[in-house]
Structure formats: structure tokens, C-alpha cells
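Here is the structure we will look at, set down as C-alpha cells.
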Amino acid sequence: METSQRIKKMREPALLKYYPIVNEAQKKGRKVYFLNIGQPDIKTPEGFLNSVNGIDQKVLSYQAPEGITELREAACGYYERLGLNYDINDLFVTNGGSEALLFTFIGICNAGDEILTAEPLYSIYKEMAAATDVNLVGFKTYAEDGFALPDESLIEAAITPRTKAILMTNPGNPTGKVFTKKEIEVMVKLALKHNLYLISDEVYREFVYDKQGYLSPAQYQELSQNFILIDSISKRYSACGARIGFIISKNKELMGQLKKLCQMRLAVSTVDQIGAISLLNLDEHFFDGILKEYTQRRKIVYDALQNIPGVICKEPRGAFYFMAKLPIKDASHFIEWMINDFDYQGETVLLSPANDFYLNPEDGADEVRIAYVLNGEDMRKGMSILKYGLEAYRLAFPEVCK
Ligand SMILES: Cc1ncc(COP(=O)(O)O)c(C=O)c1O
């Protein structure tokens, strides 16, 4: 029996493909530090489980397709604290930011339409595009200049009659890039000039270091009809398992159409939504301690990477990822080798191969993404293991090392 071309175009994300060999390594008693995936170890605020434990319902019924009103109101309150004015009709609850993105792709594109985005990119965008027959078109950004946006004319040259949207990830995964005011204004200007949607994926909004402050295209009134905000509680509240996200726009026609997608999947989990209300009601200081913790972790990783000969990286300004160039030719091979064949005192690390974050899988072959999602002590150990692993790999495979 045949399956669809669409699903055949989808690939298994690299972040999941190593789990069989990791299981084997763990069975042999090897401890693995998971620096490959954006799963923070920070405790989910207690309010979530307290609310869930307090659910007093005889029947866990479906909720409204757009989400529970109290949760949508709590989200509006959260945006108000950021200086953004949304009312509940501008905002639907989704199954994580992932569903918000998928609904966006389905909602604004016909088969063969294009979405323009910066590379390296969040790898799952590629699978979403494949699943919806959308062509992702990338413009390259580079570690050497902190993944700065290329010249406006270069981005504009990539716009075609099939382009429907510019998709920005701010702060960036995997880059840690935080867009400057000037860069945001370039994207706002291009979206308005070419009548495109500007989709801003801001699931890492709070993870902005060095007191840069938060800036979003959401602040540009003139863009309101073109603007779609993608959000999620996964990272901010360390609640990845709760599967709560938001799709937000002031464009009433668009929201009217997107509502049909919400209706199609009936509802989002009642339990998760009830838990999430308490999170969205936390005040703006909730994140202060967490930001301090991530700032320390970033420093640990940056200092360690600076001390590994041949590694090239810049200190990221946001999110919780480093993109690092290693002095090797094939990061995928190195990552597999670290799991299968290497340990330091019984421990090893799992990293993400960066070629997954490019449209052309041959790009980024010598780069890895490191997620600083473990406590300082574990990050320190993980970085030492990486250093020793690179030394051993260089001895074992001098021909594929630089
Ligand atoms: C940039 C970005 N957008 C969206 C998501 C989706 O997150 P979730 O579906 O957990 O809300 C992720 C998850 O890692 C991400 O990194």
C-alpha cells in the first residue's frame, strides 16, 4: 500500500534518531547527559499540579475548541504585562506551539506556497512544511557574526509571487540569536511592502540575556493585520509535557478561518489547560531567578567551549542553545561515536548534529547544537566529557579531523 508523497518527504528529526543507541549505551551502564534537546530540568511551578489536583469534575469533558476562557483571559493578562494589548478573540489555545505552527502553515498557505525563514532554523519547521506541501525558503545567517540578519536586499530577493510569509524565531533555536530593533524593522517593512504574513515564534521570549529587553513585531501597530504570534508555555514555565500553546493574531478573517482547525481537533486537554491558568497568572518576577540560572549555565558552556582547541562559537544572546563549530568533518559521526564507543569514567554526552537545522543536509556538517538545559554541575561535567571525547576522536580518526 502506498503512503502519501507528503509524509514520505518528512524525516525523523535527528533529535530523536539517536535514542535506540542511547538505550543500548544506558543498558551497558553508561550515563548519558542529554544536551541534545530543549527539555529543561527546572521544576515546573507548583501551581500547575496544585490546580490539576484540585480539579473537581465528575466528567473530564471537551472544552471549547478555542480554549478555556479563563486560560485565554490569563494569557491576555500575561501579554498586558508585556505591554501588548490582546483580547481573548485574538488568541486560541493550541496543543503546544507545535500545533500553533502547523495551523499557521495550513491556514495561510496553498500547496507549493513559500515561507521565508533564516537558516539555521528550528528543524521541525521542515517537517511541518513537508506535511503541508509548503516550500521553506531559507536565507543564511552565520555564527561568525552572531547570526545577524543578511542585508535587506538579499532577503527581498528571495521573495517570489508564491511567498506567503516570513517566519522568524526570536530568540532563535538553534542559534540563540535575539533580533535587534533594526532587524525586526527590516522584517516588518518587508512584510508590509510585499503584503506577507510575519510569523513570530517567540516560545523562548523570556530567555533574553544581558538586559537586552524584549522586542517583538507585535509592538508594531501597522503590522497588526499581517502578524501572527506563536507562543507556548513549554520552555518559559518548564512545562513541555503540558502541551499548551497559543496562536495569536488581530486579523479577524484569519482567526475566523483558524477556528475551523481548532474545531477539527475538537479541543485541547482540559487538565493541561486548567494547570496552565496558574502559570499564566504568575507575575513578571517569576522568571528572574530562572534567568539568573540560565545565565550561569551559558557562562559555564561558553568558558568550556573557549578552552577546547579548534571550537568556534559566539556567546548566544537568547534561548538556551549554543551552535558550535567543532574541529571535525562529520558531527553526526562524532555524536554516534560518543554514544557507542566513548565514555569518560562511565559517562558520555548526547549532542544534536547541526545539519538538521539547515534545509540542505550537507550544510552544518561540522557543527553541533548544545542545549544548556541541565544544572551547572552537570553542564560542567558534560563539557569536560565533550573535551575529552574530541581529544580521543582526534586520535582515533585523524583523517576526519581539522
Ligand atoms: C523554536 C520553537 N518553536 C516551537 C517549539 C514547539 O514547542 P511546543 O510544541 O512544546 O510548544 C519549539 C520546541 O522546541 C521550538 O524550539
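The structure displayed is predicted, hence computed values, not measured ones. All values below come from the heavy atoms of this structure, side chains included, with hydrogens, waters and symmetry mates left out. Read the numbers this way: they start at 1 and go in the same order the structure lists the ligands and their atoms.
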State, with a plain yes or no, whether a side-chain heavy atom of [X] is found less than 4.5 Å away from one of [Y].
X: L390; Y: I328; result: yes
X: F103; Y: T94; result: yes
X: D231; Y: Y79; result: yes

Side chain or backbone, does [X] bring an N or O within less than 3.5 Å of an N or O on ligand 1?
X: N95; value: no
X: G97; value: yes
X: Y321; value: no

Could you work out, for atom 2 (C) of ligand 1, the closest of D201, T169, N173 by heavy-atom distance?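 Nearest option to atom 2 (C) of ligand 1, by heavy atoms: D201.
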
Minimum-distance protein heavy atom relative to atom 13 (C) of ligand 1: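 The answer is Y122 OH, 3.2 Å.
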
Among protein heavy atoms, which sits nearest to atom 7 (O) of ligand 1, and what does the distance come to when rounded to 0.1 Å?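 Answer, as residue, atom name and distance: S98 OG, 4.0 Å.
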
R243 near ligand 1, heavy-atom distance under 4.0 Å?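 Yes; R243 lies near enough to ligand 1 that a heavy-atom distance drops under 4.0 Å.
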
Of all the atoms in ligand 1, which lie at a distance below 4.0 Å from a heavy atom belonging to [X]?
X: G96; value: 9 (O), 11 (O)
X: S232; value: 8 (P), 11 (O)
X: K235; value: 13 (C), 14 (O)

Flag, side chain of D41 to backbone of N375, donor-acceptor distance under 3.5 Å: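 Checking the backbone N and O of N375 against the side chain of D41, a donor-acceptor pair under 3.5 Å is found.
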
Over 60° means perpendicular and under 30° means parallel, so tell me whether F320 and Y294 are parallel, tilted or perpendicular.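 Rings of F320 and Y294: parallel, under 30°.
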
Testing the 3.5 Å rule here: is there a donor-acceptor pair between the side chains of Y86 and R72?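 No, R72 and Y86 have no side-chain donor paired with an acceptor closer than 3.5 Å.
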
How many angstroms lie between NZ in K9 and CZ in R11, if you round to the nearest 0.5 Å?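 Between K9 NZ and R11 CZ, I get 12.5 Å after rounding to 0.5 Å.
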
